[in-house]
Q: 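Attaching a single structure in structure tokens format; questions to follow.
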Amino acid sequence: MKRPRWLGAGCLAAVALSLCLGCVAPVRRAYEVGVDDAYDRMFTRSEGWTGGDIASTVPLSESLTLWLFGDSWVGRVFEDRHVQAEMINNAVALQAGKGASPDGLRFFYGTRNGKPAALFTPPDGRGFYWLSRGGIRTRDGLYLIVSQVVKKEGDSSVFGFEAVGNSLLFIDNPLDPPTLWRPEILEIPFFERTADGVEIDFGDPQFIEAGRIYIYGVAFDRPRGNRFMLLARAPESRLRDFSAWEFYGGGRWGSDFKKAEQLCDRFGAEFSVSYVPGIRKYVAIYSDLGMSDKIMMRMAPAPEGPWSEQEMVYQTPDPAKDKDYFCSAAKGHAALSGPDNLLVSYVCNSTDFWKMASDARIYRPRFIRILFESP
């Protein structure tokens with residue numbers, strides 16, 4: 001693999017520290033970080049789908065990868081501004097092959113009254129679906145886990161939404177065009193808001209190992225502003241059978257999701273957990289506390305941990321351009337990575353909607369790649 005063209009700020013900081021402290025040697029990082037220009041260019045688009053958030057991936061086959069997006073712009077971009085455009089709540093894309101070719105990417109969404117519309121909508125008509133929880137391909141078909149989101153009354157800010165639950169969408173024809181998918185929809189019961197303000201939320205399937213799907217979750221302590229990693233698993237053939245789900249806590253697996261152990265803190269609202277064979281480690285990637293210019297990484301020898309202390313691998317430059325810009329949604333894409341590297345995306349947005357609408361350089365996935373050294 002070609003080495004990254006840019007080394008992360010952490011490397012420079014370590015060198016500076018060694019110069020300041022003289023005989024104290026810096027801690028050597030066993031990886032390098034570079035901007036992935038090819039994937040950045042692939043998502044710099046001027047017609048059709050021109051921007052969106054979330055940006056998760058699910059491998060459908062050896063040669064086909066599904067991209068999942070939340071709120072998305074569909075229309076045109078002119079002089080870096082969205083024009084003649086609609087914003088819809090979710091969309092998907094199919095990528096042929098592993099290379100970052102714009103011609104290998106096709107986008108899909110719905111239509112309503114001749115205009116672009118979300119591909120998936122809640123059957124009860126309440127709010128909308130965000131494809132923020134990812135998915136997994138099994139022998140049976142494709143499973144997507146979606147958050148059902150509603151607008152908060154009296155809150156017109158870009159944060160004026162809240163999740164009211166998660167649903168499991170099962171698609172038995174995943175290799176057909178997404179506009180032909182007719183998912184079976186099941187409400188996931190493992191969602192709770194406690195009296196002291198903690199939101200327990202399961203539903204991020206990350207990988208299959210030894211016949212089990214590992215599904216991560218988050219405990220969001222709103223009063224203290226902290227997020228914690230949780231872990232569940234289910235047999236690959238019984239993901240729809242919620243009685244078969246197990247939750248990790250106290251060194252064992254049990255049936256009560258409320259007893260799931262908080263495995264690490266400062267976790268992301270969106271994230272990834274990937275096995276990187278070149279270093280024989282599980283690697284978690286996320287934005288610090290969910291919304292930050294800092295992309296964080298932890299490592300572990302097993303899906304449940306123990307997880308290392310978090311480490312910043314990259315600081316996104318976009319928030320420095322404007323006081324209203326912020327970044328989130330950092331995650332890895334194992335299916336588009338190699339045995340010794342991990343492709344990572346993140347998305348930047350603005351607290352001012354009209355700034356976001358007038359700057360098509362943000363509100364689309366941006367990419368870095370982490371290149372690990374073999375142990």
Side-chain angles (χ1 to χ4, degrees), residues 54-69 90-98 104-106 108 119-120 123 129 131-147 166-190 202-217 230-248 253-255 257 270-277 280 282-284 302-304 331-339 342-343:
I54 297 174
S56 297
T57 47
V58 184
L60 298 182
S61 71
E62 287 295 319
S63 59
L64 192 64
T65 301
L66 174 68
W67 286 87
L68 305 172
F69 302 99
N90 58 67
V92 305
L94 292 176
Q95 178 182 346
K98 306 288 186 181
L105 199 59
R106 292 187 299 150
F108 299 86
L119 183 63
F120 302 108
Y129 281 152
L131 307 184
S132 55
R133 313 314 299 267
I136 196 103
R137 173 72 196 272
T138 71
R139 291 185 294 268
D140 299 330
L142 170 65
Y143 292 92
L144 302 179
I145 296 183
V146 300
S147 292
N166 298 317
S167 293
L168 182 68
L169 277 57
F170 173 64
I171 297 159
D172 62 4
N173 57 334
L175 298 182
D176 288 341
T179 49
L180 299 181
W181 293 348
R182 300 294 180 265
E184 174 189 354
I185 301 175
L186 300 170
E187 184 176 345
I188 298 175
F190 312 120
F202 276 96
D204 282 82
Q206 295 290 316
F207 51 84
I208 300 172
E209 187 174 280
R212 292 186 175 94
I213 299 171
Y214 283 78
I215 310 143
Y216 287 78
L230 309 174
L231 178 59
R233 70 183 186 184
E236 181 181 357
S237 61
R238 297 179 63 191
L239 187 60
R240 284 177 284 179
D241 179 1
F242 297 121
S243 69
W245 286 39
E246 299 177 300
F247 304 89
Y248 185 79
W253 296 91
S255 60
F257 78 96
E270 297 179 43
F271 54 86
S272 67
V273 180
S274 313
Y275 183 71
V276 178
R280 299 190 293 275
Y282 294 86
V283 176
E304 64 275 14
K331 59 177 71 72
H333 304 275
L336 302 173
S337 305
L342 187 61
L343 179 69

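Just so you know, these numbers come straight off a predicted model, no measurement behind them.
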Q: Which residues pass the side-chain hydrogen bond (donor to acceptor under 3.5 Å, both in side chains) test with R182, sequence neighbours left out?
A: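 Per chain and number, R182 pairs via side-chain hydrogen bond (donor to acceptor under 3.5 Å, both in side chains) with no residue.
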
Q: Indicate the atoms forming the closest heavy-atom contact of Y129 with N90, along with that distance.
A: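 Answer, listing the atom of Y129 first, then N90: O-ND2, 3.0 Å.
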
Q: Which residues pass the side-chain contact (heavy atoms from CB on, under 4.5 Å) test with S147, sequence neighbours left out?
A: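 S132, R133, V149, N166.
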
Q: Would you name the heavy atoms of D176 and W181 that are closest together and state the gap between them?
A: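 Answer, listing the atom of D176 first, then W181: O-NE1, 3.1 Å.
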
Q: Could you grab the distance from atom CD of Q95 to atom CG of L64, nearest 0.5 Å is fine?
A: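 So the gap between those two atoms works out to 9.0 Å.
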
Q: Would I145 and L169 satisfy side-chain contact (heavy atoms from CB on, under 4.5 Å), going step by step from the backbone distance to the final call?
A: CA-CA 6 Å; I145 296 183; L169 277 57; over 6 Å; no

Q: Show, in sequence, the C-alpha distance, side-chain angles and deciding distance for L66 and L144, and conclude whether the side-chain contact (heavy atoms from CB on, under 4.5 Å) test is met.
A: CA-CA 11 Å; L66 174 68; L144 302 179; 4.2 Å; yes

Q: Taking distance alone, no hydrogens or angles, what donor-acceptor pairs closer than 3.5 Å link side-chain atoms of residues 240-247 to residues at least two apart or in another chain?
A:
from : atom 1 : to   : atom 2 : distance (Å)
R240 : NE     : Y143 : OH     : 3.3
R240 : NH1    : E184 : OE1    : 2.9
D241 : OD1    : S243 : N      : 3.1
D241 : OD1    : S243 : OG     : 2.5
D241 : OD2    : R238 : NE     : 3.2
D241 : OD2    : R238 : NH2    : 2.5
D241 : OD2    : S243 : OG     : 3.4
W245 : NE1    : L239 : O      : 3.0
E246 : OE1    : R233 : NE     : 2.8
E246 : OE1    : R233 : NH2    : 3.3

Q: Run L131 and F120 through side-chain contact (heavy atoms from CB on, under 4.5 Å) and show every step you take.
A: CA-CA 9 Å; L131 307 184; F120 302 108; 3.9 Å; yes

Q: With sequence neighbours excluded, what pairs up with S167 under the side-chain hydrogen bond (donor to acceptor under 3.5 Å, both in side chains) test?
A: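 For S167 there are no side-chain hydrogen bond (donor to acceptor under 3.5 Å, both in side chains) partners, ignoring immediate neighbours.
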
Q: Which residues pass the side-chain hydrogen bond (donor to acceptor under 3.5 Å, both in side chains) test with D140, not counting sequence neighbours?
A: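 Checked D140 against side-chain hydrogen bond (donor to acceptor under 3.5 Å, both in side chains); zero matches.
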
Q: One pair to check against side-chain contact (heavy atoms from CB on, under 4.5 Å): L94 and T65. What are the steps and the verdict?
A: CA-CA 6 Å; L94 292 176; T65 301; over 6 Å; no

Q: List the atom of F108, the atom of P177, and the distance in Å for their closest heavy-atom pair.
A: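 Shortest heavy-atom contact: CE2-CB, 4.3 Å.
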
Q: To the nearest 0.5 Å, tell me how far K331 NZ sits from F271 CZ.
A: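 Rounded to the nearest 0.5 Å, the NZ-CZ separation comes to 9.5 Å.
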
Q: Mind checking what makes side-chain hydrogen bond (donor to acceptor under 3.5 Å, both in side chains) contact with E187, not counting sequence neighbours?
A: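 Expected list: none.
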
Q: Which pairs, with at least one residue in residues 54-63 and sequence neighbours excluded, count as a side-chain hydrogen bond (donor to acceptor under 3.5 Å, both in side chains)?
A: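 Every pair satisfying side-chain hydrogen bond (donor to acceptor under 3.5 Å, both in side chains) with a residue in residues 54-63: T57-H333.
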
Q: Can you sort out the partners of P339 under side-chain contact (heavy atoms from CB on, under 4.5 Å), two or more places apart, ordered by chain and number?
A: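 P339: side-chain contact (heavy atoms from CB on, under 4.5 Å) contacts with P277.
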
Q: For P183 versus I171, what's the shortest heavy-atom pair and its separation?
A: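 Nearest pair, atom of P183 first, then I171: CB-CG1, 3.8 Å.
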
Q: For the CZ atom of F257 and the CZ atom of F190, what is their distance to the nearest 0.5 Å?
A: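 Here the rounded value is 7.5 Å.
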
Q: Considering all heavy atoms of both residues, which atom of L342 and which atom of S337 are nearest to each other, and what is their separation?
A: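 Shortest heavy-atom separation between L342 and S337 comes out as CA-OG, 3.4 Å.
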
Q: Pair up each side-chain donor or acceptor in residues 205-212 with any protein partner under 3.5 Å, not counting sequence neighbours, and list the distances.
A:
from : atom 1 : to   : atom 2 : distance (Å)
Q206 : OE1    : V273 : N      : 2.8
E209 : OE1    : Y282 : OH     : 2.1
E209 : OE2    : Y282 : OH     : 3.2

Q: Locate the shortest heavy-atom distance separating R137 from V58; write the atom from each residue and the value.
A: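 Distance-wise, the nearest heavy atoms are N-CG1, 3.9 Å.
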
Q: If the condition is ring-ring contact (aromatic ring centres under 6.0 Å, His included), which residues does Y216 pass it with, not counting sequence neighbours?
A: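 Per chain and number, Y216 pairs via ring-ring contact (aromatic ring centres under 6.0 Å, His included) with no residue.
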
Q: In the structure I gave you, are the side-chain heavy atoms of L231 and I215 within less than 4.5 Å of one another anywhere?
A: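 Counting from C-beta outward, L231 and I215 never come under 4.5 Å.
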
Q: Please name all residues satisfying salt bridge (Lys or Arg N to Asp or Glu O under 4.0 Å) with R280, sequence neighbours left out, ordered by chain then number.
A: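 Listed in chain order: nothing, the list is empty.
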
